[in-house]
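All ligand and atom numbering here is 1-based and tracks the order in the structure.
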Amino acid sequence: MRSHLLNDTTAERYRRSVTEGVERVAAKLATTDRPFTGVTVDALAPRIDAIDLDQPLRDTTAALDELEEVYLRDAIYFHHPRYLAHLNCPVVIPAVLGEAVLSAVNSSLDTWDQSAGGTLIERKLIDWTAARIGLGAAADGVFTSGGTQSNLQALLLAREEAKSEDLARLRVFASEAGHFSVKKSAKLLGLGPDAVVAIPVDHDKRLQTIALAHELERCAEAGLVPMAVVATAGTTDFGSIDPLPEIAGLCERYGAWMHVDAAYGCGLLASLKYRDRIDGIERADSVTVDYHKSFFQPVSSSAVLVRDATTLRHATYHAEYLNPRRMVQERIPNQVDKSLQTTRRFDALKLWMTLRVMGADGIGSLFDEVCDLAAEGWKLLAADPRFEVVVEPSLSTLVFRHIPATVTDPAEIDRANLYARKALFASGDAVVAGTKVAGRHYLKFTLLNPETTTADIAAVLDLIAGHAEQYLGESLDRAS
Ligand SMILES: *Cc1c(COP(=O)(O)O)cnc(C)c1O
């Protein structure tokens, strides 16, 4: 069994084994003609159930053959141009190469003595990102597992900086289109059930600053503490960007921590055309960025950035065995002092390889392409009487629904759209998402693949209309 350990004597086995896996994936990429096979849970679960984990195959090729059956064949492939559903991007090759290197070397970024150069590379990427945001010379941050953890850490810092004895008096303001991790974080941070105040959005799904000003004033009058305002730079559902400069002004006026959740919109930090859409982000106290959404990085790759490095001390704890206090005096860079995690992946390497091979402009131009594609898609939808589209895109999301020519019952229109999404998924021809707008069911394209064309969008819209009309036709038959 020692021959399976990665070390000096197994270098050749490592090369063969990993190459065999890479060959399988490469073959898959070359031949996948649909984003999904349409496999059902009932069909797949027994195949996985039947495997006895206490009976190893003792052979890499056999294990890969089995993997083909239980995973690779029916996986959802984000690289396919008709995968249009969630905030998943196709990944760039330099980042995948970084992933292969980081998992083989297996550095852990908690302490210098477990990573060395990895620590400095992560730090340099944090500085690079903070500079792109414009956070100033005192900025810092750390890589995280994702936007959820970044938001949690940012709100932890905000809670500590609010310096309130009574957690029940703290209030966090976020738009009603903000991410649910804000509410989860509030719960984890011990805030009261009413802590998160949902601010209404305007027609374009952007936080209404007049309503925010009103709520901040009410908060002050009631003797409550405005702990933080979460501005979303790219809402998950619409890609809408809250008015950052106005929100920054209100945060200054009421002494609230300004957190910008740019999990999605961070791609604009590298944009050649649309960077101005997130102007004002430089005034944030903290920022969430998900490189695994709009920097074409594999999951996970995310970071939280702060304007004032000293605020990260709220996440600092010392353990004699790991990062004793004296190491701070000795200026030994231990990233665990800044992180909610202890053992932590060297995810930064993926972004490093990406920037070293492609450059930031390379990433930014890919994101610009999907933003342009969304603008084209919006025009298609707006001109098509079969569909109704909401919110002209600020990023790369389109929310729309099929409006049948002959049916007016809103519940029936809802059912037709729900059916179309399910039928499309079951066919595997395309994968789209869904959401609700004003209580009604809508469909959603999150466009993150520069390989997707307007012809793909038009074809998928035809498929959706076809499924919806089929449902309505059958529904008429049922009624008569
Ligand atoms: C995706 C998303 C998150 C959560 O990020 P994860 O990486 O999925 O944890 C938070 N906020 C916004 C706006 C998002 O789109």
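- Identified under the ring-ring contact (aromatic ring centres under 6.0 Å, His included) test for residues 273-297, with sequence neighbours left out: Phe143-Tyr291, Tyr291-Phe295.
- For the residue pair Tyr264/Thr232, the side-chain donor-acceptor check at 3.5 Å is not satisfied.
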When the side chains of residues 428-436 are checked against the rest of the protein, which donor-acceptor pairs come out under 3.5 Å, sequence neighbours left out?
from, atom 1, to, atom 2, distance (Å)
Asp429, OD2, Ser427, OG, 3.2
Thr435, OG1, Asp237, OD1, 3.3
Thr435, OG1, Asp237, OD2, 2.6

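- Considering only residues two or more places apart in sequence or on other chains, Ala104 meets the side-chain contact (heavy atoms from CB on, under 4.5 Å) condition with Leu6, Tyr14.
- Protein neighbours of ligand 1 below 4.0 Å, counting non-hydrogen atoms: Leu87, Gly146, Gly147, Thr148, Asn151, His179, Thr232, Gly234, Thr236, Asp261, Ala263, Asp290, His292, Lys293.
- For the ring-ring contact (aromatic ring centres under 6.0 Å, His included) with Phe387, the qualifying choice from Phe400, Phe445, Trp378 is Phe400, the only one to do so.
- Between Phe425 and the options Tyr419, Tyr83, Phe36, a ring-ring contact (aromatic ring centres under 6.0 Å, His included) holds for only Phe36.
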